[in-house]
*Asks:* 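Supplied in C-alpha cells, the structure appears directly below.
This one's a predicted model, so the numbers in the text were calculated from it and none came from an experiment. Note that the numbering runs from 1 along the sequence shown for the chain. The analysis underlying the following values was restricted to heavy atoms, covering all of them including side chains, and did not include hydrogens, waters or symmetry mates.
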Amino acid sequence: MFTLDKLEDALRQVHAVFPGTHQYAWPLLSERVGAEVWVKHENQTPTGSFKVRGGLIHLARLAREGVAGAGIVSATRGNHGQSLAFAGRRVGIPVTIVVPEGNSVEKNAAMRALGARLVEHGADFDAARQHAMRLAAEEGLLFAPSFHPDLVVGVATWALELFRTAPPLDVLYVPIGLGSGICGAIRTRDLLGLATEIVGVQSAHAPAYARSLEAGRPVTLESADTMADGLAVRVPDPAALEIIREGVSRIVSVPDHEVAEAIRVYWTDTHNLAEGAGAAALAALMREKDRAAGRRVGVVLSGGNIDLPVFSRWVGAA
C-alpha cells in the first residue's frame with residue numbers, strides 16, 4: 001500500500017544519503033514558452049538520475065530482510081543499473097546488471113565503477129531483461145525488476161520534494177520509461193490532494209504506453225528505436241499502465257529531433273546537461289507551449305547521463 005507515511009519514511013532514507021535536489025524557476029525557459037517553468041533537477045543526484053532514490057529503498061529492504069541470497073540481477077539501459085549498484089555497495093549486496101549490446105559506453109563504465117558485474121546481451125532492453133531473468137534462475141540470484149512498489153515509493157520522493165517546495169503547479173510533465181517516475185508522481189499528487197495535471201511523455205519512436213492507453217490493454221511494440229535510451233521500452237508494465245491510465249490527463253509523444261532541441265535549450269537557458277529521457281518533459285512542454293501559456297508548469301530533468309559522442313552527434317552538430 002502506497003501511503004503518505006511510507007512516502008515520508010522513504011524521503012528520510014533518501015535524505016540520509018543525499019540532501020535531495022533543487023527546483024528552480026528559470027527565467028529564460030519561462031520566456032521561451034510563455035509560462036512560469038519550474039525544473040526539478042534530478043540530474044543532481046549521486047548517480048545523475050532520479051532512479052537512485054528507488055534503488056536505495058529497494059536494496060535497503062532486501063538487506064533488512066536478508067532475501068537477496070547470492071546477490072541481485074537486473075536489466076537496464078543505465079540509470080536503473082547505476083541506482084542498484086550504488087545502493088548495493090552501501091548495503092553489501094552484490095549486483096549483476098545486464099545491458100543491451102551497444103549500450104552507452106559511459107553508463108557501462110559508471111556501473112562498473114560502482115561495483116556492478118556487467119553483462120552485455122541482446123539487441124534492446126527487453127531482450128536484456130529476459131537474459132537477466134535467465135541468469136537469476138541459473139545462478140541463484142534475485143531478479144530485481146525495473147518496476148516495483150519499492151522503486152515507485154522511492155522515486156516518488158522527487159515529486160514530494162517538488163510539490164512541497166515549488167509554488168502550486170497547474171501541470172507537471174513527466175517522462176515515461178517503464179513507469180516508476182510518473183507513477184510515483186501520480187501517487188504523490190493524489191496523497192497530497194493536489195489538483196496538478198500530470199502529463200506523460202514518451203518517445204514517438206517507442207510509444208508503448210500511448211498505444212496501450214488507446215487500445216485499452218498492454219501493447220507490445222516491435223521496436224523502440226530512439227536515441228533517448230531511457231525511453232526505449234517495447235513492453236509496458238501492466239501495473240504501471242493501470243496507474244498511468246487512472247492518473248494522467250494525456251500522453252505526449254516527442255520525436256528525437258525535438259528531444260535534441262530540448263537538450264540544447266537546457267544547455268543554453270540553464271547550463272545544465274540533460275540526457276534524452278531527461279529532456280523529454282521539456283520537449284513536450286515546448287511542443288505544447290500554446291496550451292501551457294500563462295500557467296505554472298513543472299518539468300523534471302530526470303537524468304543527465306548522456307555520452308559525449310552522443311551529445312556531439314545528436315545535439316552538438318545542430
Side-chain angles (χ1 to χ4, degrees), residues 29-30 32-40 42 50 147 152 155-156 158-159 162-163 166 168-221 224 226 228 230-259 261-262 265 274 276-302:
L29 286 182
S30 297
R32 184 181 293 273
V33 300
E36 182 181 326
V37 181
W38 284 81
V39 178
K40 180 59 172 167
E42 290 299 282
F50 76 101
F147 188 86
V152 175
V155 301
W158 75 257
L162 175 64
F163 285 136
L169 300 173
D170 296 311
V171 59
L172 175 63
Y173 288 84
V174 185
I176 306 174
L178 201 56
S180 62
I182 193 166
C183 290
I186 290 168
R187 291 294 195 229
T188 302
R189 175 201 61 187
D190 294 346
L191 284 175
L192 297 177
L194 302 175
T196 304
E197 176 188 6
I198 293 181
V199 177
V201 183
Q202 286 204 284
S203 169
H205 315 290
Y209 284 97
R211 296 268 183 89
S212 297
L213 289 185
E214 291 172 2
R217 57 176 176 79
V219 173
T220 296
L221 305 178
T226 171
L231 304 181
V233 173
R234 290 192 298 108
V235 183
D237 183 276
L241 177 61
E242 184 62 20
I243 295 171
I244 292 168
R245 184 188 65 78
E246 294 176 353
V248 300
S249 62
R250 63 189 177 279
I251 293 178
V252 178
S253 296
V254 289
D256 279 357
H257 73 272
E258 291 184 12
V259 174
E261 175 62 18
V265 167
L282 179 59
L285 170 58
M286 291 194 301
R287 167 172 278 219
E288 294 197 335
K289 68 178 184 178
D290 291 343
R291 189 169 188 163
R295 306 180 79 190
R296 182 178 290 132
V297 181
V299 293
V300 55
L301 200 175
S302 58

*Asks:* Taking all non-hydrogen atoms of both residues into account, name the closest pair between L241 and R217 and its distance.
*Replies:*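 It is CD2-C, 4.0 Å.
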*Asks:* Quick check for you: to the nearest 0.5 Å, what is the distance between E36 atom CD and L169 atom CG?
*Replies:*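 So the CD of E36 and the CG of L169 are separated by 8.5 Å.
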*Asks:* Are the side chain of S253 and the backbone of S203 linked by a donor-acceptor contact shorter than 3.5 Å?
*Replies:*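 Absent.
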*Asks:* Hey, does the side chain of S212 reach the backbone of V219 with a donor-acceptor pair shorter than 3.5 angstrom?
*Replies:*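 Yes, the answer is positive, given that a donor and an acceptor are paired below the 3.5 Å cut-off.
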*Asks:* Side chains of C183 and I244: does their closest heavy-atom pair fall under 4.5 Å?
*Replies:*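 The answer is yes; the side chains approach within 4.5 Å.
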*Asks:* Measuring from atom CG of L172 to atom CZ of R296, what distance do you get when rounded to the nearest 0.5 angstrom?
*Replies:*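 So the gap between those two atoms works out to 13.5 Å.
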*Asks:* Got a second to check how far D190's CG is from I198's CD1, nearest 0.5 Å?
*Replies:*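 Spacing of CG (D190) from CD1 (I198) equals 7.0 Å.
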*Asks:* Ignoring hydrogens and angles, tell me if any N or O in the side chain of S30 forms a donor-acceptor pair with the backbone of V37 under 3.5 Å.
*Replies:*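 Answer holds: yes.
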*Asks:* If you look at every heavy atom in A281 and V174, which pair is closest and at what distance?
*Replies:*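 So the two residues come closest at CB-N, 4.4 Å.
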*Asks:* Mind checking the CG-CG spacing from L285 to L29? Nearest 0.5 Å is all I need.
*Replies:*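 Interatomic distance, L285 CG to L29 CG, rounded to 0.5 Å: 8.5 Å.
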*Asks:* Would a 4.5 Å heavy-atom cut-off, applied to side chains only, mark V235 and L178 as touching?
*Replies:*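 No; the side chains remain at least 4.5 Å from each other.
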*Asks:* Ion pair present between R245 and E242, side-chain N to carboxylate O less than 4.0 angstrom?
*Replies:*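 Salt bridge present between R245 and E242.
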*Asks:* Set out, in order, the CA-CA distance, both residues' side-chain angles and the distance that settles side-chain contact (heavy atoms from CB on, under 4.5 Å) for K40 and F50, then state yes or no.
*Replies:* CA-CA 10 Å; K40 180 59 172 167; F50 76 101; over 6 Å; no
*Asks:* Using only atom types and a distance under 3.5 Å, with no angle test, would you say the side chain of Y209 pairs donor to acceptor with the backbone of G177?
*Replies:*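 Judged by distance alone, no pair lies under 3.5 Å.
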*Asks:* Please check if atom CZ in R295 has more than 12 non-hydrogen atoms from other residues, nucleotides or ligands closer than 6.0 Å.
*Replies:*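 Yes, the 6.0 Å shell around CZ holds more than 12 heavy atoms from other groups.
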*Asks:* Kindly determine whether I243 and V248 satisfy side-chain contact (heavy atoms from CB on, under 4.5 Å), including the steps that lead there.
*Replies:* CA-CA 8 Å; I243 295 171; V248 300; over 6 Å; no
*Asks:* If you measure from CD on E197 to CZ on R189, what distance do you get to the nearest 0.5 Å?
*Replies:*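 So the gap between those two atoms works out to 9.0 Å.
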*Asks:* Please confirm whether the backbone N or O of A210 pairs with a side-chain atom of Q202, one donor and one acceptor, at under 3.5 Å?
*Replies:*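 Yes: the side chain of Q202 pairs with the backbone of A210.
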*Asks:* Between M286 and E258, is a side-chain contact (heavy atoms from CB on, under 4.5 Å) present by the stated rule, with each step listed?
*Replies:* CA-CA 9 Å; M286 291 194 301; E258 291 184 12; over 6 Å; no
*Asks:* If every non-hydrogen atom of L231 is compared with every non-hydrogen atom of A206, which pair is closest and at what distance?
*Replies:*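 Closest approach of L231 to A206, heavy atoms only: O-CB, 3.5 Å.
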*Asks:* Which pair of heavy atoms, one from A35 and one from V297, lies closest together, and at what distance?
*Replies:*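 Shortest heavy-atom contact: CB-CG2, 4.1 Å.
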*Asks:* Looking at every non-hydrogen atom in both residues, tell me the closest pair between V233 and L221 and how far apart they are.
*Replies:*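 For V233 and L221, the tightest heavy-atom pair comes out as O-CD1, 4.1 Å.
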*Asks:* If you take all heavy atoms of V259 and G276, which pair is closest and at what distance?
*Replies:*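 In terms of heavy atoms, the two residues are closest at CG1-O, 3.2 Å.
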*Asks:* Hey, are the side chains of V300 and P175 touching, using non-hydrogen atoms and a 4.5 Å cut-off?
*Replies:*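 Counting from C-beta outward, V300 and P175 do come under 4.5 Å.
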*Asks:* Hey, what do you get for CG (L191) to CD1 (I186), rounding to the nearest 0.5 Å?
*Replies:*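 That separation rounds to 12.0 Å.
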